[in-house]
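Everything below concerns the one structure shown next.
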Amino acid sequence: MRLSDDRTPGLSMRRVLGIFLTMVVILGLFAVRLFQVQIVQGDMYASLADADSKTTISIAGTRGEILDRNQIPLVSNRTSYAVTLDYNYFPRGNTPESLKEKNDCLLRLTEVLSQAGEEWNDTLPISAESPYSYLPDRDASVESLKSFLRMATYASAAHCMEQLVEMYGLQDYTIQQQRTLAGIHYNMATAGFGASTPYTMAGDVSNGTMYRILENSGEFPGVDVGTVAVREYVGGEIGCHVIGTVGPIYAEEYATLKDKGYSFNDTVGKSGIEAAAEDRLRGEAGKRVLTKNSSGTVVSEAETLAPRPGDTVILSLDSRLQKVAQDTLAEKITSLRQTAPEGKGKDVKSGAVVMLDVKDGGVIVSASWPSYDLSTYSINYNKLLADKDNPLFNRALYGAYSCGSTFKPGVALAAITDGILSPTQSINCTRTYMYYAPSYTPNCMGYHNHLTVVGALQKSCNYYFYEVGRLMGGDLFGYLNLYGFGQRTGVEIGESAGVQQTPEYLRAVGSQWVPGDYLQLAIGQRGSYTPIQLAAYTMMIANNGVRYKTHFIDAYRSYDGTTEAVPPEVAATVQWSKESTKYVKDGMIAVGKSGTAAAYFANTPYTVACKTGTAQTGLANSSDHGTFIAYAPADDPEVAIAVVMERGTSSASTYVARQVLDAYFANKDKGEAPTESDVLLP
């Protein structure tokens, strides 16, 4: 059967013509677009075709400064130069030829640095010379190295070096060159050296080194010398234990810090305020974007986000008074060692001074002897570490000592408040305390006869406080807890809690509390307390029972001038009776006017409420620890001070306190006020 075809030749031709015209239009549009791309916008698209990748590089923000309470700089920044390696221009590849090119470039660079006396970064925890050994006190770094090399935990330093030599193609170099190059390569690898992460090989290099490298840039592909901000410790020794240090990021630290936005090239606070205020001091990183073509050549670079400087940290510390305290400690300790009789401070080991602002707990002075110069800390570190006087140890915050009779005002306040004795009640001091005779008969320093609390404090009568200690018994511990003994005071940079001995504490260490221990507790011989704890306790007496959390940081100031004050925080309060505070303060004033501190404070233009202390060390042929606490002015307290002289006698500690208090009131009389904002310092 034949099917009919209804299509006509005219209709078929129209369809063909329509398709043809449609194709002409489409091809025409393509032609127009092609003309626009190749002719009109040809240069732009050629560049885009050639530059098809972008790399973002972090730019560190300038670290914030550290000022004292009077806006005097203690830590600032100066402009210097750093040698950096840029992966995008540096020789790459792992072929023998590429590795040789890389290693030869690095050796030429180290030769320039060595000739100029510059140092380069090397955190490889292996000795600089063969036979190789692991560096001491770098256990975490050693473990990181073994993990990086996938070595067994028992691998020696020599085994690690062998692996590094093979990994980086160092077989044809000398032993010394191998160690040098291995250290650089390891640093580069752990720093994550790559397209987005430059590597800082050396920081703080001289102008001469900078010119030498730049003038011979052809010898150093991918090596640049740029300006950087370098930490400058303008205060030198002033507040060295408080301010602290910065340093490079170690491999084991980087694992944590990289999540906070750090690059391996950054410096980080290692101790003191530099570490405690790290988040505010470091600032915020900026961004630099490199545009590369398809062959990897950089065709442009631009800063897309400017770095933000870190905040300025304003301390409660007074650098003038801090210097007086440090100088006076050094002077007195040197004098005692040279001229004091045996058993009277000739064996003095150290000293510390802490002065607090009683209105808010701010630390005005925190001095520890011996001190050191922060500006030469890294250079002299090994020498400082070997010094028998241990200058790196902060006695003001970590030294713990029996405080002797400076404990007595707090004991008296507790006893009168609890009604254990009346402030006008007298106790007859017959020198030898006989309550526990014949098994235990402790002595007083003299025969004081009948004394009330004022006289007992004035003469520092042990007999009086033996009786008070016996009567108070374990009820005293609740007060000592409120005073902050055996607890940290709150400073931002770390401190010891000291030790408050209690029956429970002695049981825990395998000993036993006996009734006679309450007598020794009442005269400050049953615990170890830090100088800052003594100052905080003295502040509490000055404030009629309010103890503030101690602090070093008063405020933060951002780069735009906005200041954020740190508010004071009450750590504890105690409700002493008004009667107790009146009589105890009268007794402390009497100590300065006519008592055990009268030789130094009887004729001062300001009145102090104070207490001297002598604490036995328990060591044969040892001088006693000398302690002293005070607040002033007695009628309207502004500052509280505590001085401890380790085996340095009470007289020496009282002398040191007098010099610091004199300097404080002299500055007040001169009207030296904090420098106003936006006013240049002299």
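Positions are given from 1 along the sequence. The structure displayed is predicted, hence computed values, not measured ones.
- Evaluation of the side-chain hydrogen bond (donor to acceptor under 3.5 Å, both in side chains) rule for E495 yields T489 as partners, not counting sequence neighbours.
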(message) Set out, in order, the CA-CA distance, both residues' side-chain angles and the distance that settles side-chain contact (heavy atoms from CB on, under 4.5 Å) for Y168 and L181, then state yes or no.
(response) CA-CA 8 Å; Y168 297 117; L181 290 168; over 6 Å; no

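- For the pair R658 and Y600, the cation-pi test (distance below 6.0 Å, angle within 45°) is failed.
- By the side-chain hydrogen bond (donor to acceptor under 3.5 Å, both in side chains) test, E143 pairs with no residue at all, sequence neighbours left out.
- Remark: K102 is not positioned above the aromatic ring of F90, lacking an NZ or CZ atom under 6.0 angstrom from the ring centre and at most 45 degrees off the axis.
- F148 is linked by a ring-ring contact (aromatic ring centres under 6.0 Å, His included) to Y186, counting only residues two or more places apart in sequence or in another chain.
- Using modelled atom types and a 3.5 Å distance limit, the side chains of Y559 and T62 yield no donor-acceptor pair.
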(request) Applying side-chain contact (heavy atoms from CB on, under 4.5 Å), run through R63 and E278 and close with a yes or a no. (result) CA-CA 9 Å; R63 197 169 179 84; E278 171 66 20; 2.6 Å; yes

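- For residues 225-242, the pairs satisfying salt bridge (Lys or Arg N to Asp or Glu O under 4.0 Å) are R78-E232, R231-E274, with sequence neighbours left out.
- The aromatic rings of Y398 and F393 sit tilted, their planes meeting at an angle between 30° and 60°.
- Using modelled atom types, one finds no donor on one side chain facing an acceptor on the other under 3.5 Å when comparing Q533 with R488.
- Remark: H241 engages Y372 in a ring-ring contact (aromatic ring centres under 6.0 Å, His included) (not counting sequence neighbours).
- Under the 4.5 Å side-chain criterion, counting only non-hydrogen atoms from C-beta, T654 is not in contact with S651.
- Expressed to the nearest 0.5 Å, how far CD of Q177 lies from CG of L106 amounts to 11.5 Å.
- There is a side-chain donor-acceptor pair under 3.5 Å between T617 and S622.
- For Q487, the side-chain hydrogen bond (donor to acceptor under 3.5 Å, both in side chains) partners are N481, not counting sequence neighbours.
- Under the side-chain contact (heavy atoms from CB on, under 4.5 Å) criterion, T245 pairs with K270, S271, L374, Y377, sequence neighbours left out.
- Qualifying ring-ring contact (aromatic ring centres under 6.0 Å, His included) partners for F628, counting only residues two or more places apart in sequence or in other chains: F601.
- Between S316 and D554, the side chains place no donor N or O within less than 3.5 Å of an acceptor N or O (distance only, hydrogens not considered).
- Evaluation of the side-chain hydrogen bond (donor to acceptor under 3.5 Å, both in side chains) rule for Y537 yields no partner, not counting sequence neighbours.
- Ion pairing between a basic and an acidic side chain is recognised when a charged N comes within 4.0 Å of a carboxylate O; K260 and D279 show no such pairing.
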(request) Walk me through it: do D311 and R308 pass the test salt bridge (Lys or Arg N to Asp or Glu O under 4.0 Å)? (result) CA-CA 9 Å; D311 293 340; R308 186 184 72 79; 3.5 Å; yes

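- Shown here are the ring-ring contact (aromatic ring centres under 6.0 Å, His included) partners of Y401, two or more places apart in sequence or in another chain: H625.
- Side-chain N/O atoms of D224 and T84 include no donor and acceptor closer than 3.5 Å.
- Residues S141 and S144 bring no donor and acceptor atom of their side chains to less than 3.5 Å of each other.
- Applying the salt bridge (Lys or Arg N to Asp or Glu O under 4.0 Å) definition to pairs two or more places apart or across chains, those involving residues 103-128 are K100-D104, D122-R179.
- Annotation: salt bridge (Lys or Arg N to Asp or Glu O under 4.0 Å) contacts involving residues 384-401, sequence neighbours excluded, comprise R337-D389.
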